[in-house]
Amino acid sequence: MDLRQLRYFVAIAERGSFSAAASALNVAQSALSRHIKALEQEMGGLLFERGRHGIAISESGKILLDRARYMLGEIDNIRAEVSLENREPGGTVRLAAPSTLADILFAPLAQHVARRFPRVRVQFSEGLTEELCGRVLRGALDLALVTTPQRNEHLDYVELFTEGVHLIGAPDDPRMRARSFTPGAVATLPLILPLSEVGRELLPERPACAFRVDNMIPLKQMVMAGLGYGFLPYSGIHQELAAGTLAAVEIPWIRARRVLALPRGRPTSRATREMVAAIKAVSATLIANGRIRCVTSRAIPSRKR
């Protein structure tokens with residue numbers, strides 16, 4: 001039994017004759033007869049009662065007619081849904097990023113998706129790199145924006161851009177008048193560091209850590225209050241620098257490599273693939289507007305105390 005046989009059968013049952021169905025389907029009547037005979041043999045009985053005055057659907061044919069109409073309707077629905085998906089993706093995409101990126105990226109990304117892909121729904125969340133990579137591996141996220149992740153054989157990384165990192169302090173702090181800081185100088189400062197261990201190898205071996213936080217907003221508030229110093233890219237502090245509520249000195253020996261993490265070997269939806277392209281497009285706009293300042297990724301020099 002195949003779909004063509006079912007379509008022929010329904011057409012004959014609805015039109016009441018082989019000749020009328022053949023004309024509507026533009027198929028030779030002899031071909032219709034062969035297909036119906038094969039279908040009856042497979043079903044184990046007659047689907048139509050043949051008489052002197054034409055045909056009538058049998059009781060077993062009535063059962064098949066109901067099922068065939070449902071199946072063919074579902075096939076049409078599948079075809080329509082797949083065709084629509086190919087023209088315009090839909091579904092839900094689960095995306096997460098560190099707060100430093102979420103703060104500047106999520107709103108323009110949501111506008112981009114709403115304008116280009118109105119059938120796509122996005123679930124935005126925040127987290128630290130190690131946590132987000134774990135959520136991608138567990139299937140709790142479709143993709144994640146992460147910073148300088150560790151290699152993982154179960155993840156694929158899509159390079160986006162590399163940002164410079166700044167040491168930030170209170171605007172009236174005399175130490176922030178320095179033009180640069182060595183790793184040894186940083187080691188003497190009370191630091192406010194993220195909970196993640198990612199990138200910790202770039203810091204002095206035993207930094208003086210006053211507090212640890214997992215979000216850049218309280219980190220900046222603690223720094224403004226004079227409780228310590230932190231590290232953030234320009235994208236995370238541009239508003240505070242413009243307002244004069246933070247001071248910053250670029251640290252050339254630290255880089256923030258921003259990449260997209262996706263599960264290796266797992267099929268990705270059309271909506272997820274479009275989201276990757278959207279993130280690249282929005283990132284390019286933010287770079288062009290000066291909201292993100294990129295640097296060339298280069299080898300990090302050995303630490304000096």
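The model shown is predicted, which means the values in this text are computed figures rather than measured ones.
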Set of ring pair (Phe, Tyr, Trp, His ring centres under 6.0 Å) partners for Y229, sequence neighbours left out: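 Y229 satisfies ring pair (Phe, Tyr, Trp, His ring centres under 6.0 Å) with no residue once adjacent residues are dropped.
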Applying ring pair (Phe, Tyr, Trp, His ring centres under 6.0 Å), name anything that partners Y157, two or more places apart in sequence or on another chain.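 Ring pair (Phe, Tyr, Trp, His ring centres under 6.0 Å) list for Y157, sorted by chain: empty.
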Taking the side chain as C-beta and beyond, is there a heavy-atom pair between P252 and V295 under 4.5 Å?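 They are not in contact (no side-chain heavy atoms under 4.5 Å apart), so the answer is no.
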Between T272 and L262, is there a side-chain heavy-atom distance shorter than 4.5 Å?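 Yes, close enough: below the 4.5 Å cut-off.
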Among I251, I237, L232, which residue satisfies the side-chain contact (heavy atoms from CB on, under 4.5 Å) criterion with H166?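 For H166, the side-chain contact (heavy atoms from CB on, under 4.5 Å) check succeeds only for I237.
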Taking the six-membered ring for Trp, are F48 and F18 parallel (under 30°), tilted (30 to 60°) or perpendicular (over 60°)?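 Judged by the thresholds at 30° and 60°, the geometry between F48 and F18 is perpendicular.
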If you look only at pairs with a residue in residues 30-46, which of them pass as a side-chain hydrogen bond (donor to acceptor under 3.5 Å, both in side chains), with sequence neighbours excluded?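 Passing the test, one end in residues 30-46: E40-R50.
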Residues which pass side-chain contact (heavy atoms from CB on, under 4.5 Å) with R179, listed by chain and number, not counting sequence neighbours: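 Testing R179 for side-chain contact (heavy atoms from CB on, under 4.5 Å), a comparison that skips the adjacent residues, returns none.
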Can you list, pair by pair, the side-chain donor-acceptor contacts under 3.5 Å of residues 63-70, counting residues two or more places apart and other chains?
| unit_1 | atom_1 | unit_2 | atom_2 | d |
| --- | --- | --- | --- | --- |
| R69 | NE | E14 | OE2 | 3.2 |
| R69 | NH2 | E14 | OE2 | 3.4 |

Taking atom types as modelled, is there a side-chain donor on T148 or R258 under 3.5 Å from an acceptor on the other?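 No pair is found: no donor N or O on one side chain lies under 3.5 Å from an acceptor on the other.
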Looking just at side-chain N and O atoms, do Q123 and T92 make a donor-acceptor pair shorter than 3.5 Å?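 There is no such pair (donor and acceptor under 3.5 Å, judged by atom type) between the side chains of Q123 and T92.
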For a quick test of your reading: what N or O donor-acceptor pairs under 3.5 Å do the side chains of residues 275-284 make, sequence neighbours left out?
| unit_1 | atom_1 | unit_2 | atom_2 | d |
| --- | --- | --- | --- | --- |
| S283 | OG | I279 | O | 2.7 |

